[in-house]
Amino acid sequence: MSKILVGLKRVVDYNVRVRVKPDGTGVVTEGVKMSINPFDEIALEEALRIKEKGGATEVIVASIGPADTQQQLRTGLAMGADRAILVQSDAAVEPLAAAKIFLKLIEKEGPQIVLLGKQGIDDDNNQTGQMLAALWNRPQATFASKVELDSGKARVTREVDAGLETIEVDLPAVITTDLRLNEPRYVKLPDIMKAKKKPLDTLAIADLGVDTGSQFKTLKYEAPAARSKGVMVKDVNELVAALKQKGLV
Amino acid sequence: MTRILIVAEHAGGKLNPATAKCVACASKIEGAEVDVVVLAADASAVAAEAATLQGVKKVLKVENAANAEPLAAVLAPQVAAVAANYTHVFGPSTTFGKDLMPRVAALLGVGQLSDIMAAESAYRFRRPVYAGNAIITVEAASDKKVVATVRVASFQAVAGGGSAAVEAANVNAELPSHTRFITRSAAKTGRPDLQTAAKVVSGGRAVGSADNFKVIYGLADKLGAGVGASRAAVDAGYAPNDLQVGQTGKIIAPELYVAVGISGAIQHLTGIKDARTIVAINKDPEAPIFEVADIGLVGDLFTVVPELEKALG
């Protein structure tokens, strides 16, 4: 049995224009569409492709969040995951605590590969995969744009500032996904029906024996400073004149 | 006493300018003592360069053949060992720092702050969330080490001319062999590096094809600029991945940013909002890019850009 564990985070849908609450205590989430974090969807798609090619026998999706997170896990099951685990928590957990929780799931499930999105598009932390790899004392291959498996090893091409970097890691390992690793499949109606019968276990966060205490306190949320509106020029000559005036050409 | 360790980023024996920006961030914290650590196979040249940065007290060299390539799993235990004597550990919010610093933090048993754009005190910082649609002020517990990545676009590099002491650090850390470097393919274009270029010309979906992108390259070469692309242009295959500018690509802060045929999706604007001057060329007068542009020109890019190139002589 070779398992892949995939993390799915419930986040504000990427099409929603996020607004800061007037009192600065957070962003508006009431009545806002929630979805699987797009990078995590890519992670699940990659896991399913690996399984379809015979590289794994079971794909497990797991999430940490409120009871409503079952919706995103059901979507993951409809995409093709075999079963789901929800670690229920009404309070948000910091990435270090999320990594500790995933380590507990690893100890229980013994996956060969843990696939996570490189970052959640809510807090934009980009930390959990790296922290999990450190706590697990295993390799990390972050920002993956290509994953090839070969007898107990993974060769991963990573998107780095300088271009593309390829590393080889021994399994088990943590892989985090970048945007262009794959294009996630659409969920079909019959799959949604089938997903309702797949197992979804719920664990109470308190039962895992993990320290979820926070180190950081958010004091306030603010809208970003707006850039002041500039000038419109009529033609190229005016554009060049404006650039010359600013000493830019 | 606030003691800040900065992990230097370097390649090919040269210090990455992101390091000087991390020093700038650290120097904003009152009374902080700032040191830099250089991990490399041979750290001499990079350490000497780091020693010239204003505000740096000491440069530590950690030399090991295993450090020839920046593998997070190999570097993290060494950084964590050196960090024992510090209250803060900063790295740049580049792919190097984003890969490494959370691993360092977890080894130290602490959390991490990502993309800090302002340090209000040793334990109070500002950082963007939701693709830059909100800025949060965060307070870190003062009884724990603060590990953070610094949003390089938010800081001006400190000047050179300093002369910090350079010392070899003795690090006792077990290094894993489970992660191996294979290869790196960097596009050698002869153009300025996108991340650090003073001028950048970017093309969007309206450019229409990979072949048409030569219009963008032409203008960039005329201006001596680096080249970027919107996510739409990269997804469509008009430009390679490493040229992507935006929240999920590179966040840049050039003196001049020329957006050609880019509509201005929020995630793209997040990547350029610290640019000094933004010029937008787009045939749609309603394009959101004009909301943030300092100079806007409505017109067809295939007419305007060649004309502009000509007008620049």
Side-chain angles (χ1 to χ4, degrees), chain A residues 12 17-20 27 94-96 99 121-127 130-131 133-135 138-140 142-143 145 155 159-170 173 179-180 215-224 227 229-233 235-237 239-240 242-243 246 248-249, chain B residues 11 71-73 76 94-96 98-99 102-103 105-107 110-115 128-141 144 178-187 195 223 241-242 248 250 255-256 273 277 279 291-298 304 307-308 311-312:
Chain A
V12 171
R17 180 74 198 257
V18 172
R19 282 173 303 123
V20 174
V27 300
E94 290 178 0
L96 182 63
I121 61 163
D122 46 5
D123 293 330
D124 286 331
N125 276 316
N126 194 335
Q127 300 172 8
Q130 296 88 313
M131 288 178 164
L135 300 178
R138 292 303 307 166
Q140 68 188 48
T142 53
F143 327 144
S145 65
R155 194 172 267 234
E159 291 198 18
V160 296
D161 291 336
L164 294 174
E165 176 182 290
T166 304
I167 61 170
E168 185 181 72
V169 296
D170 294 338
L179 272 185
R180 279 168 286 272
Q215 179 180 352
F216 306 110
K217 194 166 125 196
T218 299
L219 303 177
K220 65 176 170 195
Y221 284 73
E222 290 166 282
R227 283 182 80 98
K229 201 163 159 61
V231 297
M232 296 301 289
V233 294
D235 54 30
V236 166
N237 289 335
L239 172 57
V240 172
L243 289 173
K246 286 174 177 276
L248 289 165
V249 294
Chain B
L71 296 169
T94 54
T95 51
F96 163 79
K98 289 174 182 177
D99 187 37
R103 189 157 183 130
L107 292 179
V110 296
Q112 193 218 266
L113 285 166
S114 297
D115 298 322
V129 293
Y130 288 97
N133 284 307
I135 309 296
I136 57 172
T137 303
V138 184
E139 192 158 67
K144 287 188 171 152
H178 54 47
T179 305
R180 296 166 291 275
F181 174 83
I182 306 288
T183 180
R184 187 176 301 113
S185 58
Q195 196 104 48
L223 288 166
N241 296 352
D242 52 316
T248 51
K250 293 191 170 69
E255 291 294 312
L256 172 64
K273 66 177 189 266
T277 298
V279 173
E291 297 291 317
V292 300
D294 298 282
I295 308 173
L297 174 55
V298 177
V304 170
E307 246 186 79
L308 176 57
L312 291 169

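All chains are named by letter (A, B, ...) in the order of the sequence lines, taking the proteins before the strands, and each is independently numbered beginning at 1. Computed from heavy atoms alone, side chains included, the values below leave out hydrogens, waters and symmetry copies.
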(request) Go through the atoms of B/V110 and report whether side chain, backbone, both or neither lie under 4.5 Å from a heavy atom of chain A. (result) both
(request) Give the member of A/E94, A/R17, A/Q130 that has the highest number of heavy-atom pairs under 4.5 Å with chain B. (result) A/Q130
(message) A side-chain contact here means heavy atoms from C-beta on lying under 4.5 Å apart; do B/F96 and A/D161 qualify?
(response) no
(request) Among the options A/V236, A/L96, A/N237, pick out the one with the most heavy-atom pairs lying under 4.5 Å from chain B. (result) A/V236
(request) Name the option with the most non-hydrogen atom pairs under 4.5 Å to chain A; the candidates are B/A106, B/P102, B/A11, B/A293. (result) B/P102
(message) Heavy-atom pairs under 4.5 Å with chain A - which of B/L256, B/V304, B/V138 has more of them than the others?
(response) B/V138
(message) So for B/A76, is it side chain, backbone, both, or neither that comes closer than 4.5 Å to the heavy atoms of chain A?
(response) neither
(request) Apply side-chain contact (heavy atoms from CB on, under 4.5 Å) to the pair A/E222 and A/V20, showing each step before the final yes or no. (result) CA-CA 6 Å; A/E222 290 166 282; A/V20 174; 5.7 Å; no
(message) Using heavy-atom distances under 4.5 Å, tell me whether A/E168 contacts chain B through its side chain, its backbone, both, or neither.
(response) both
(message) Distance check, rounded to the nearest 0.5 Å: A/D170 atom CG versus B/T179 atom OG1?
(response) 7.5 Å
(message) At a 4.5 Å cut-off on heavy atoms, which part of B/E139 comes close to chain A: side chain, backbone, both, or neither?
(response) both
(message) Could you report the tightest heavy-atom contact between A/L135 and A/A99, atom names first, then the distance?
(response) CD1-CB, 3.9 Å
(message) Can you tell me which portion of B/K250 sits under 4.5 Å from chain A's heavy atoms? Options are side chain, backbone, both or neither.
(response) side chain
(message) Taking side chain as everything from C-beta outward and backbone as N, CA, C, O, which of these in B/L223 sits under 4.5 Å from a heavy atom of chain A? Side chain, backbone, both or neither.
(response) side chain
(request) Check whether the side chains of A/Q127 and B/S114 place a donor and an acceptor atom closer than 3.5 Å, and report yes or no. (result) yes
(request) Please list, chain by chain and in numerical order, all residues satisfying side chain to side chain donor-acceptor pair (under 3.5 Å) with A/R227, sequence neighbours excluded. (result) B/D294
(request) Identify the two heavy atoms, one from A/S145 and one from A/L164, that lie closest to each other, and give their separation to 0.1 Å. (result) OG-CD2, 3.9 Å
(request) Could you tell me which non-hydrogen atom of A/A242 sits nearest to which non-hydrogen atom of B/I295, and how far apart they are? (result) CB-CD1, 3.7 Å
(request) Output yes when a side-chain donor or acceptor of A/Q140 lies under 3.5 Å from a complementary backbone atom of B/D99, and no otherwise. (result) yes
(request) Flag the one option from B/D115, B/T137, B/L107, B/N133 with the top tally of heavy-atom pairs under 4.5 Å to chain A. (result) B/T137
(message) Quick one, A/V12 and A/D122 - any side-chain contact, counting heavy atoms below 4.5 Å?
(response) no
(message) Quick check on A/A133 against chain B: is it the side chain, the backbone, both or neither that has a heavy atom closer than 4.5 Å?
(response) both
(request) Considering only heavy atoms and a distance below 4.5 Å, find which of B/A131, B/A311, B/P128 pairs most often with chain A. (result) B/A131
(request) Below 4.5 Å from any heavy atom of chain B, which atoms of A/V233 appear? Answer side chain, backbone, both or neither. (result) both
(request) Please look at A/L219 and chain B and tell me whether the side chain, the backbone, both or neither of the residue comes under 4.5 angstrom of a heavy atom of that chain. (result) both
(message) Can you tell me which portion of A/R155 sits under 4.5 Å from chain B's heavy atoms? Options are side chain, backbone, both or neither.
(response) side chain
(request) Would you give the length of the straight line joining atom NZ of B/K98 to atom CG of A/N126, rounded to the nearest 0.5 angstrom? (result) 6.0 Å
(request) Under 4.5 Å, counting heavy-atom pairs only, tell me which of B/A72, B/G111, B/A105 racks up the most with chain A. (result) B/G111
(request) Just give me the residue among A/L243, A/V249, A/D123, A/V240 that pairs up with chain B most often, heavy atom to heavy atom, under 4.5 Å. (result) A/D123
(request) Pick whichever of A/K220, A/R180, A/M232 has the most heavy-atom pairs under 4.5 Å with chain B. (result) A/R180
(message) Atom CZ of residue position B/R184 - does it have more than 12 heavy atoms of other residues, nucleotides or ligands inside 6.0 Å?
(response) yes
(request) With a 4.5 angstrom heavy-atom cut-off, could you sort out which part of A/K246 is near chain B: side chain, backbone, both or neither? (result) side chain
(request) Give, as side chain, backbone, both or neither, the part of A/V18 having an atom under 4.5 angstrom from any heavy atom of chain B. (result) both
(message) Does any backbone or side-chain atom of A/F143 lie under 4.5 Å from a heavy atom of chain B? Answer side chain, backbone, both or neither.
(response) side chain
(request) Quick one: closest heavy-atom pair of B/H178 and A/P139, and the distance? (result) ND1-CG, 3.2 Å
(message) Report which part of A/P95 has an atom under 4.5 Å of a heavy atom belonging to chain B: side chain, backbone, both, or neither.
(response) neither
(request) Give, as side chain, backbone, both or neither, the part of A/I167 having an atom under 4.5 angstrom from any heavy atom of chain B. (result) both
(message) Taking the side chain as everything from C-beta on, heavy atoms only, tell me whether B/Q112 gets closer than 4.5 Å to A/M131.
(response) yes
(message) I'd like to verify something: which residue of A/V231, A/T142, A/V27, A/V169 has the highest number of heavy-atom pairs under 4.5 Å with chain B?
(response) A/V231
(message) With a 4.5 angstrom heavy-atom cut-off, is it the side chain or the backbone of B/L71 that approaches chain A, or both, or neither?
(response) side chain
(message) With a 4.5 Å cut-off on side-chain heavy atoms, are B/L297 and B/V279 touching?
(response) no
